[in-house]
2 protein chains.
Amino acid sequence: MAVVRQSPNMSAIAAALGVSAATVSNALSGKGRVSPELAEKVRATAAALGYVPSLTARALRTGRSGVLGLVLPDIGNPLFPQIAQAIENAAAALGYGVLIADSRGDIATQTEAINRLIERGVDGMVVVPRRGTRIADIGCPVAVIDTPSTPGNTVSADHWQGGEAIGRHLAQLGHRRVLLVGNNKSSNVQSDRIGGLRAGLGLGVHCDTLWIETIEDAGGPGCPLGLADKARSGFTAFAAVSDLSALRALTELQRAGIGVPEMVSVTGFDDLIWSPVVTPALTTVRMDLPTIADLAIGALIRVIEPEAEGEAATAAAATRVSCLTDRVPMQLVVRQSSGPASSLLPDAAAGAEPALLTLPKSWHAKNQTQPTAGEPKI
Amino acid sequence: MAVVRQSPNMSAIAAALGVSAATVSNALSGKGRVSPELAEKVRATAAALGYVPSLTARALRTGRSGVLGLVLPDIGNPLFPQIAQAIENAAAALGYGVLIADSRGDIATQTEAINRLIERGVDGMVVVPRRGTRIADIGCPVAVIDTPSTPGNTVSADHWQGGEAIGRHLAQLGHRRVLLVGNNKSSNVQSDRIGGLRAGLGLGVHCDTLWIETIEDAGGPGCPLGLADKARSGFTAFAAVSDLSALRALTELQRAGIGVPEMVSVTGFDDLIWSPVVTPALTTVRMDLPTIADLAIGALIRVIEPEAEGEAATAAAATRVSCLTDRVPMQLVVRQSSGPASSLLPDAAAGAEPALLTLPKSWHAKNQTQPTAGEPKI
DNA sequence: TCTGCCTGATTAATCGTTTAATCAGAAAAG
DNA sequence: CTTTTCTGATTAAACGATTAATCAGGCAGA
């Protein structure tokens, strides 16, 4: 039994065929001038010997590592798995690896993480910035995934449009007093979503915004948000800017005996993993992460792998991925947590009650499987 | 204004000081014989020039890339953020980068992902295997995070002990009929957790196990699990093997008008992100992921960076991280979703009503528009 | 027949670091 | 005064791929 053979290199293939290593390189890459027959023989013996090119050596020579960095504000974020998965898939499809870096929500750590990635020689990076921060111009192609209102080059979901979709959905269901549930005022993403919600609800709808972090500053983490009182005071819908907040609202309302969606509606954002399996399943809006990841990675690759272009032009744009901001539409997913407006207010009940009664019996059944973009009729 | 200077290399430092590149290398690494004064000067100019060592070149020369791979069965898993974060932190602390690979729940993709990592020259990898799979002996140090009952070298939480903790907790609260809620029968982790639960509950407690996937095979994804009926038939506690299932159970029960924890208790596993913020906050059991990550990474590093050891011995163990299986204790987190056993059984009490009457008066008032149990009328 | 072009391959330099081998000079030992 | 030892540094060879420059022939045109 032979010893474990080290993975053979190009010289091994070259020696086996009696040619030079350069010829092997040319044959495998198809770049130089090699006769077709020899190229075929090279490929055959490469396969036979189990040749695996050393990406390290290639990186040293070419200056490109074939690795992209992914910087995330907080890996604990429940949306992170989807982002990471989408980015990893898009990168892998183009032959790139993905190195992760966690900035732990800290700005200093974020820049430190970015530096670590640069030292590791990534060819480019995708950054989901901590809210409120901008990414400085580092000497490396960067694609930012945030929100279109962030200045700079970003690819992102169209959070505003997503908010509009939810807003229109609720307005069409007859809701006239809606409580918007946000987490943190300084998040650009959340601001966009709330702006879109207000726009989608229209002028005839009364909106208030409740900020969870403000309440928790007083009541401690995980404290009650007082949503039942809000419901009793006439709000018939609770539109959260994240499924996590929506879940919190849903359970708090259910716990207080307020039925969802018969009494109030609850909607979220992002279609996180639990959204389809809670009862009632959450109506939410979904980011098209595969597309976003493809755009971000594609923009990076376009800078990293220059094709036939003027050198001056590419050099100038070398560290900025693209001049335009891409916004990818979000998709409304109607499930059971949203329904026609009812009211817990004794004095306002007269108008809302009929809607509840005229609802087709199969309404929820129809809506539970199809994530339709169009709003359901009532 | 000078042109953008390329990051200087060792030769630049050497030239600036009039010494050889080898001396610079020795000075910075502290390995060869360099006079202390010169070493200090080298460090100073290195800092002054903004020298950043090329990890690529070092990797090529030493054969070690300083990168570890992380293979995950399904990045969509809600536990993933915590695992990735813990692994990334542990690796970064030791100067290693982390390359992620998603096996998308597929066995073929898993091996393919592992191969991609090997081609990229990772020094070792941490694998969270898809349930039911074993990791073949690849020519690369591997640490497996799974469950102690998986054969092979694994680091993991002590799922059995975690189950015991929950089981004892429920038993002490007086629960005598407990429904265990699992997802998938073939998961070793889930089997361990269920085994631990049964052990912790003890012999005097009646247990049934409900498998969500089995139910969904018939009812479709997200279908009702019929837990309210289970509650009415006498189960007073629902112990899920994951917080996701627990959340599903919690909302389904709440929706059916069954109060948690007054009527039934619900517990989960893993302390996922929503567990503290739902109402009632979930009683669960938490993995000590930082410790698990430290153990896994530490075991890898021990193989990768051999210290003063016999060569034969290390060569033999080169691809297997350690012979012993580490199991890290889990920590019970008691929150509001578990409480003293009540009963909805008509024969155990006058009926469902009494339990309901022990609730705060406001609770019942808020629910008066709804029938006590069963689906809401629309 | 000689020059020039084209093809198919080789040579050798290069990326930046590590490290074994070597070397010059000074101090210590004989 | 010579020999040995030790110190502090240098030289040069890797690591494995890429690639510009070069070269040996074959073939066609003049």
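Predicted model only: the values in this text are computed from it and were never measured.
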| message | Pick the closest DNA chain D nucleotide for A:Ala21 and for B:Arg61 by heavy atoms, then say which residue is nearer the 5' end. | response | B:Arg61

| task | Please tell me which of A:Ser29 and B:Thr23 maps to the more 5' nucleotide of DNA chain D, matching each residue to the nucleotide holding its nearest heavy atom. | result | B:Thr23

Side-chain heavy atoms of [X] within contact of [Y], under 4.5 Å:
| X | Y | value |
| --- | --- | --- |
| B:Met10 | B:Leu28 | yes |
| B:Tyr96 | B:Asp123 | yes |
| A:Leu68 | A:Ile304 | yes |
| A:Met287 | A:Leu79 | yes |
| A:Val126 | A:Val71 | no |

| task | Name every residue in residues 31-47 of chain B that has at least one heavy atom under 4.0 Å from any atom of DNA chain D, in order of residue number, or write none if there are no such residues. | result | B:Arg33, B:Val34, B:Ser35, B:Leu38

| query | Does a side chain donor of either B:Ser156 or B:Asp146 reach within less than 3.5 Å of an acceptor in the other side chain? | reply | no

| query | Which pair of heavy atoms, one from B:Phe80 and one from B:Leu70, lies closest together, and at what distance? | reply | CE1-CD2, 4.4 Å

| said: For B:Leu60 and B:Asn26, find the nucleotide of DNA chain C closest to each by heavy atoms; which residue's nucleotide sits nearer the 5' end? | reply: B:Leu60

| Salt-bridge present (B:Glu112, B:Arg116; N to O < 4.0 Å) | yes

| request: Would you grab the first and last nucleotide of DNA chain D (5' to 3') that comes under 4.0 Å of any non-hydrogen atom in chain B? | output: D:dT7 to D:dG16

May I ask you to say what [X] touches in the nucleic acid, namely base, sugar-phosphate or nothing, with a heavy-atom cut-off under 4.0 Å?
| X | value |
| --- | --- |
| B:Ser25 | base |
| A:Val24 | nothing |
| B:Ser20 | base |

